[in-house]
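To start, the structure itself, in structure tokens.
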Amino acid sequence: MGHESSGEVIAVGDLVKSHKIGDRVAIEPGLPCRRCINCKEGRVNICLDMRYCGAPGSVGSLSRYFTLPADMAPHIPDHISWDEAGCIQPLAVGVQIGKRVDLRPHKTLAIFGCGPIGLITAAVAHAYSARKIIAFDNNPDRVEFAKKYISPLTGKPIIDHVFLIGDLPTESLNNQPNGNGLAHKLAEDGSGAGIGDGEVNDHEDHEETLGDRKWEQAKKIAADFAEKAGLLEEEGVDRVVEATGAEDCMLLGIAIAKQGGTYLAVGLSHIQTNNFPTLAVSNKEINVMGLTRYTASCFPSALDMLSRGVVDLKQLLTKTFPLTQATEAFEAVAAGGDMKVIIKNQEGFDN
């Protein structure tokens, strides 16, 4: 517990020249070994001997005092509030998402999951001049919250379309009137890719698995959403960020990705394996990637974006608690009514 934190320096080591008592700093929670092959190659986020705040075997920062290497304590500008400063780590993750999924100006993006990471991803994409952003969630409250997430740059909603989604139906679409509706606009036959070279023949007799049935439903539903978002003629979106870890969103994400698009798996689940449309990934030539936390340049980029005001995190902060009420803070998160809950580590004590 405790990996999104900031604080004030109260002591420094004898050899530290970069910091002084009273400095305001963020805490980079991932402490790489700096010696393994991944660290040597610059991929410190997948260090083979990582010590990460709050992870098993490591001390978290949900405490009044915390010690860390000076180079893992970047300075915070004075005009950034403490509440915002505590959210620099998830913003750094959003920056890494942008790097990993290759966000560029004028690209289109679909985000599955309207929690903090999903909305921060949208904010980063907007700052990067994404042309159109659409988002999905199964929680009506989060859908409404996402619709009202306002850009500090334009004064308008960051996300162009936010859709409420439910579980994918599991019944077969075979032999049904109108079949899979507009799905042909997004599926492997959308622009002809994958039909000849991939030797796809959907008309052969074969056993239709549960995953197959859900995939056909996903294509139909994704096409309907794409039409509502004005993306059907483009055959989907350029980039997909899946931030839920839910199988149904994975299927919808691949379905709504255009030919040659990029799909990034960000969300975590307690389930180890899922149905995943591997044939469509090949036929649509989709780049499928994963993500672990953030890399070395992400914290400086996050601090810069926050300092320049191109990303606004204050709207995401819905409730605060003193450290002495940490249990109530976790209960508030579990209740699902808040977007981002802040714990003030120095509040609630007599001294």
Judged by atom type as modelled, is there a donor-acceptor pair below 3.5 Å linking the side chain of Gln346 to the main-chain atoms of Arg64? yes
For Leu303 versus Pro77, what's the shortest heavy-atom pair and its separation? CD2-CD, 4.3 Å
Can you check whether Arg293's main-chain N or O pairs, donor with acceptor, with Asn45's side chain at less than 3.5 Å? no
Quick one: OG on Ser61 to CG on Asn345, what's the gap to the nearest 0.5 Å? 7.0 Å
Any side-chain heavy-atom pair from His79 and Ser307 closer than 4.5 angstrom? yes
Close side-chain approach of Cys114 to Tyr149, heavy-atom, < 4.5 Å: no
Those residues at least two apart in sequence (or on a different chain) that pass side-chain hydrogen bond (donor to acceptor under 3.5 Å, both in side chains) with Ser297 are Lys99
Determine whether Val341 and Phe321 make a side-chain contact, defined as any pair of heavy atoms from C-beta on separated by less than 4.5 Å. yes
Which pair of heavy atoms, one from Lys258 and one from Gly236, lies closest together, and at what distance? CE-O, 3.6 Å
What pairs with Arg131 under side-chain hydrogen bond (donor to acceptor under 3.5 Å, both in side chains), at least two apart in sequence or on another chain? Glu234
Short side-chain to backbone donor-acceptor contact, Asn139 and Asp141, under 3.5 Å: yes
Side chain proximity check, Ile117 to Pro90, heavy atoms < 4.5 angstrom: yes
For residues Pro116 and Met339, determine if any side-chain heavy atom of one lies less than 4.5 Å from a side-chain heavy atom of the other. yes
More than 12 heavy atoms of other residues, nucleotides or ligands under 6.0 Å from CG of Leu268: is that the case? no
Answer with yes or no whether the side chains of Glu242 and Thr244 bring together a donor and an acceptor at under 3.5 Å. yes
In short, salt bridge (charged side-chain N to carboxylate O under 4.0 Å, His left out) pairs touching residues 295-308 with sequence neighbours left out are Asp304-Arg308
Flag the pair Lys219 and Glu216 as a salt bridge only when some basic side-chain nitrogen lies within less than 4.0 angstrom of an acidic carboxylate oxygen. yes
Is the backbone N or O of Asp102 less than 3.5 Å from a side-chain atom of Lys107, with the two atoms forming a donor-acceptor pair by type? no
Is there a donor-acceptor pair under 3.5 Å between the side chain of Arg100 and the backbone N or O of Leu291? no
Any chance you could pull the hydrophobic cluster mates of Val44, using side-chain heavy atoms under 4.5 angstrom and chaining through other members? none
Are there over 12 heavy-atom neighbours, none belonging to Glu347, within less than 6.0 Å of that residue's CD? yes
Heavy-atom check, side chain of Asp248 versus side chain of Lys214, under 4.5 Å: yes
Transitive ILVMFWY cluster of Ile10, excluding itself - 4.5 Å side-chain cut-off: Tyr65
Closer than 3.5 angstrom, by distance alone: can the side chain of Arg142 be matched with the main-chain N or O of Gly113 as a donor-acceptor pair? no
I need the full list of side-chain hydrogen bond (donor to acceptor under 3.5 Å, both in side chains) pairs touching residues 7-16, with sequence neighbours left out, sorted by first then second residue. none
Short question: side chain of Gln315, backbone of Ile150 - any donor-acceptor pair under 3.5 Å? yes
For Pro169 and Ile221, which heavy atoms make the closest approach, and how far apart are they? CD-CD1, 3.8 Å
Aromatic ring pairing Tyr52/Tyr294, orientation class (parallel under 30°, perpendicular over 60°, tilted between): tilted
Measuring from Leu251:CG to Ile256:CD1, what's the distance to the nearest 0.5 Å? 13.0 Å
side-chain contact (heavy atoms from CB on, under 4.5 Å) between Leu252 and Phe163, intermediate numbers included: CA-CA 12 Å; Leu252 286 166; Phe163 298 107; over 6 Å; no
Find the distance between OG (Ser6) and CD1 (Ile80) and round it off to the nearest 0.5 Å. 10.0 Å
Determine yes or no for a side-chain-to-main-chain donor-acceptor pair under 3.5 angstrom, with His19 supplying the side chain and Val25 the backbone. no
Does any pair with a residue in residues 120-130 pass side-chain hydrogen bond (donor to acceptor under 3.5 Å, both in side chains), and if so which ones, sequence neighbours excluded? His126-Ser151
N/O donor-acceptor pair under 3.5 Å between Asn138 side chain and Gly166 backbone: no
Where does the angle between the aromatic ring planes of Phe136 and Phe112 fall among parallel (under 30°), tilted (30 to 60°) and perpendicular (over 60°)? parallel
If you look only at pairs with a residue in residues 158-169, which of them pass as a side-chain hydrogen bond (donor to acceptor under 3.5 Å, both in side chains), with sequence neighbours excluded? none
Just wondering, do Cys87 and Leu316 contact through their side chains at under 4.5 Å, heavy atoms? no
Once salt bridge (charged side-chain N to carboxylate O under 4.0 Å, His left out) is applied, what residue pairs with a partner in residues 24-41 remain, sequence neighbours excluded? Arg34-Asp71
Among pairs that include at least one residue of residues 113-127, which meet salt bridge (charged side-chain N to carboxylate O under 4.0 Å, His left out), considering only residues two or more places apart or in two chains? none
Between atom CG of Leu31 and atom SG of Cys47, what is the distance when rounded to the nearest 0.5 Å? 9.5 Å
Out of Ile159, Val124, Leu103, Val237, which residue meets the side-chain contact (heavy atoms from CB on, under 4.5 Å) rule with Leu109? Leu103
Among Arg51, Arg43, Met72, the one residue meeting side-chain contact (heavy atoms from CB on, under 4.5 Å) with Pro32: Met72
Listing request: all salt bridge (charged side-chain N to carboxylate O under 4.0 Å, His left out) pairs with a residue in residues 310-325, at least two apart in sequence or in separate chains. Glu84-Lys314, Asp312-Lys314, Lys319-Asp338
Min side-chain heavy-atom separation Trp82-Thr320 under 4.5 Å: no
Got a second to check how far Ser172's OG is from Asp212's CG, nearest 0.5 Å? 9.5 Å
Where Phe225 and Leu164 come nearest, the two heavy atoms and their spacing: CZ-O, 4.2 Å
What are the two closest non-hydrogen atoms of Gln89 and Pro29, and how far apart are they? CG-CG, 3.7 Å
To check you understand the geometry: which heavy-atom pair defines the closest contact between Leu306 and Val311, and what is its length? CD1-O, 3.7 Å
Only counting residues at least two apart or in another chain, list the ones meeting ring pair (Phe, Tyr, Trp, His ring centres under 6.0 Å) with Phe145. none
Out of curiosity, Ile88 CD1 to Leu91 CG, how far, rounded to the nearest 0.5 Å? 8.0 Å
Checking the side chain of Gln217 only, and the main-chain atoms of Leu168 only, is there a donor and an acceptor separated by less than 3.5 Å? no
